[in-house]
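Take a look at the structure below.
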Amino acid sequence: MRRRVSISDVAREAGVSVATVSKAVNGRYGVAAATAERVLQVVEQLGYETSLVASSMRSHRTGVIGILVPDFEPFSAEVLKGVAGVLRGSRYELMAYSGTRQHSSAGWERRSLSRLSGTLIDGAILVTPTVLDVSADVPVVAIDPHTGPAGLPTVESDSFGGALEAVAHLIGLGHRRIGYVAGRPDLRSSRLREAGYRQALSDAGIPFDPSLVRVGLYEHDISRETATEMLSRADRPTAVFAANDLSAIATMESATALGLSIPHDVSVVGFDDIPEAARTNPPLSTVKQGMQALGGAAADILVTLMEGREPQSMHVRLTTRLVLRGTTAPPA
């Protein structure tokens with residue numbers, strides 16, 4: 001295996017000290033222009049770290065766009081595909097970044113941007129950021145921020161409208177006891193989905209029953225546990241709307257484990273339309289939000305800003321639509 005090139009190797013090849021190499025690579029004062037140029041040439045020739053270091057020192061541009069996520073899960077993966085699709089064939093490269101367990105604490109985006117902006121990336125896309133008051137040396141676009149549109153350009157889906165349509169469909173089938181597996185209470189999109197659920201009930205004259213609401217936090221295991229509790233009741237709901245597909249799939253697993261048939265005994269609707277939704281048995285009915293379209297829209301805005309132009313809109317909301325498959329039917 002080839003030995004990794006060290007800073008000493010660069011210094012020896014360039015005929016300078018290690019301190020001079022460090023100053024040249026980091027753009028610090030005290031190195032003659034010709035010397036710095038020679039050092040950076042050696043950096044590229046030997047493959048020390050990455051050629052991005054050298055090129056960024058010369059042009060103050062890396063040609064790299066960073067997509068920062070709190071965790072790699074189905075939603076983030078689909079968003080990443082959308083960003084990559086827009087950048088394919090462009091002069092920009094894409095770097096996906098997630099710090100260890102960053103999603104467990106607020107402000108992770110500040111720490112990530114401080115590490116990356118200005119030296120490794122020319123622009124950033126933040127996926128479900130906890131805060132929007134971030135300071136960066138590069139343009140930044142946020143997807144589905146916790147707090148909703150603010151100072152940064154943002155892209156989100158119509159969470160309220162999608163939930164309203166899903167629950168209205170269940171009501172139209174004749175369901176009156178409709179459970180809800182909620183998402184994360186700190187996410188604005190999650191709160192909007194609950195608001196859509198409540199509005200659909202209100203529009204149909206069905207009283208809101210808080211005992212039919214459980215919190216799944218968008219996580220499979222928690223959702224399965226809370227759905228099992230809900231569906232084990234003597235007065236269980238005849239239908240369940242889940243705030244995301246992972247929670248809906250967990251609800252289906254809970255129902256099956258309890259001996260309930262889907263959709264004969266209980267109907268289930270999710271939200272997202274992740275690839276796994278079409279592979280369940282029966283296939284999951286869900287609200288489709290264009291996750292790849294979210295990534296694509298964010299990439300379009302970011303590239304426009306990076307090129308010094310004004311986007312058509314700084315805050316984009318994409319429509320959703322209900323995709324009916326095999327998990328909904330009139331109550332038995």
Side-chain angles (χ1 to χ4, degrees), residues 73-79 81-82 144 157-175 177-184 187 189-190 192-194 196-197 200 212-231 236-294 318-332:
E73 34 69 46
F75 176 82
S76 296
E78 291 300 305
V79 168
K81 291 177 186 177
D144 193 19
S157 294
D158 184 6
S159 289
F160 176 85
L164 180 68
E165 184 181 12
V167 180
H169 165 67
L170 294 172
I171 293 171
L173 290 174
H175 294 279
R177 287 187 61 75
I178 302 173
Y180 177 54
V181 180
R184 287 169 43 185
L187 268 178
S189 58
S190 178
L192 285 172
R193 290 171 200 179
E194 181 168 347
Y197 162 78
L212 293 178
V213 176
R214 296 290 188 277
V215 178
L217 298 177
Y218 286 150
E219 296 186 14
H220 176 275
D221 292 347
I222 297 175
S223 295
R224 178 161 182 170
E225 179 180 346
T226 199
T228 298
E229 178 188 344
M230 180 193 299
L231 296 175
R236 62 172 175 79
T238 61
V240 176
F241 169 55
N244 75 340
D245 286 346
L246 289 180
S247 299
I249 292 170
T251 300
M252 293 174 64
E253 293 172 356
S254 296
T256 300
L258 292 170
L260 300 175
S261 173
I262 301 171
H264 179 74
D265 295 320
V266 59
S267 290
V268 180
V269 180
F271 200 113
D272 281 341
D273 198 23
I274 61 176
E276 291 80 2
R279 303 177 191 140
T280 59
N281 185 26
L284 176 65
S285 295
T286 185
V287 177
K288 181 179 182 65
Q289 65 165 331
M291 293 172 286
Q292 293 190 28
L294 287 171
L318 302 182
T319 58
T320 59
R321 65 181 177 89
L322 182 61
V323 178
L324 296 178
R325 295 191 178 105
T327 56
T328 58

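Computed from a predicted model, the values in this text were never measured in an experiment.
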Exercise. What salt bridge (charged side-chain N to carboxylate O under 4.0 Å, His left out) pairs are there with at least one residue in residues 254-282, not counting sequence neighbours?
Worked result: Asp273-Lys288, Asp273-Arg325
Exercise. After noting the C-alpha distance and the side-chain angles of Glu73 and Ser76, does the key distance pass the side chain to side chain donor-acceptor pair (under 3.5 Å) rule?
Worked result: CA-CA 6 Å; Glu73 34 69 46; Ser76 296; 2.4 Å; yes
Problem set entry | Side-chain donor-acceptor contact under 3.5 Å, Thr328 with His169 | yes
Problem set entry | Nearest non-hydrogen partners of Ala227 and Thr251, listed with the distance | CB-OG1, 3.7 Å
For this session: Assess whether side-chain contact (heavy atoms from CB on, under 4.5 Å) is satisfied between Ile274 and Met291, documenting all intermediate values.
Result: CA-CA 8 Å; Ile274 61 176; Met291 293 172 286; 3.9 Å; yes
Exercise. With a 3.5 Å cut-off and no angle check, do the side chains of Thr238 and Arg177 form a donor-acceptor pair?
Worked result: no
Exercise. Of all heavy-atom pairs between Ile171 and Ala200, which one has the smallest distance, and what is that distance?
Worked result: CD1-O, 3.4 Å
Problem set entry | Approximate separation, where rounding is to 0.5 Å, of Asp221 CG and Leu246 CG | 10.0 Å
For this session: Could I get the full list of side-chain hydrogen bond (donor to acceptor under 3.5 Å, both in side chains) partners for Thr226, not counting sequence neighbours?
Result: none
Exercise. Looking at residues at least two apart in the chain, or sitting in another chain, which of them share a side-chain contact (heavy atoms from CB on, under 4.5 Å) with Ala239?
Worked result: Leu170, His175, Ile178, Ser267
Problem set entry | Taking every non-hydrogen atom, the tightest pair across Ala163 and Tyr197 | CB-N, 4.1 Å
Exercise. Do Asp158 and Thr319 get their side chains close enough for a donor-acceptor pair, meaning under 3.5 Å?
Worked result: no
Exercise. Between Ser189 and Asp144, does any side-chain donor sit less than 3.5 Å from a side-chain acceptor?
Worked result: yes
For this session: Might you confirm whether atom CD of Glu225 has over 12 heavy atoms from other residues, nucleotides or ligands at distances under 6.0 Å?
Result: no
For this session: Find out whether Arg236 and Leu258 are in side-chain contact, i.e. whether some heavy atom of one side chain is under 4.5 Å from a heavy atom of the other.
Result: no
Problem set entry | Atom pair OG1/CD1 of Thr327 and Ile262 - distance to nearest 0.5 Å | 7.5 Å
Problem set entry | Where Leu284 and Gly270 come nearest, the two heavy atoms and their spacing | CD1-N, 4.1 Å
For this session: Find the distance between CG (Leu192) and CD (Glu194) and round it off to the nearest 0.5 Å.
Result: 10.5 Å
Problem set entry | Under 3.5 Å side-chain donor-acceptor pair for Thr228 and Ser254 | yes
Problem set entry | Residue pair Val240, Leu231: steps toward the side-chain contact (heavy atoms from CB on, under 4.5 Å) verdict | CA-CA 9 Å; Val240 176; Leu231 296 175; 4.2 Å; yes
Problem set entry | Closest contact, heavy atoms only, Phe75 versus Gln289 | CE1-NE2, 3.5 Å
Problem set entry | Criterion side-chain contact (heavy atoms from CB on, under 4.5 Å) on Arg214 and Tyr180, from CA distance to verdict | CA-CA 6 Å; Arg214 296 290 188 277; Tyr180 177 54; over 6 Å; no
Exercise. Considering all heavy atoms of both residues, which atom of Phe160 and which atom of Gly196 are nearest to each other, and what is their separation?
Worked result: CD1-N, 3.4 Å
Exercise. So Val268 and Phe241, side-chain contact (heavy atoms from CB on, under 4.5 Å) or not? Walk me through it.
Worked result: CA-CA 6 Å; Val268 180; Phe241 169 55; over 6 Å; no
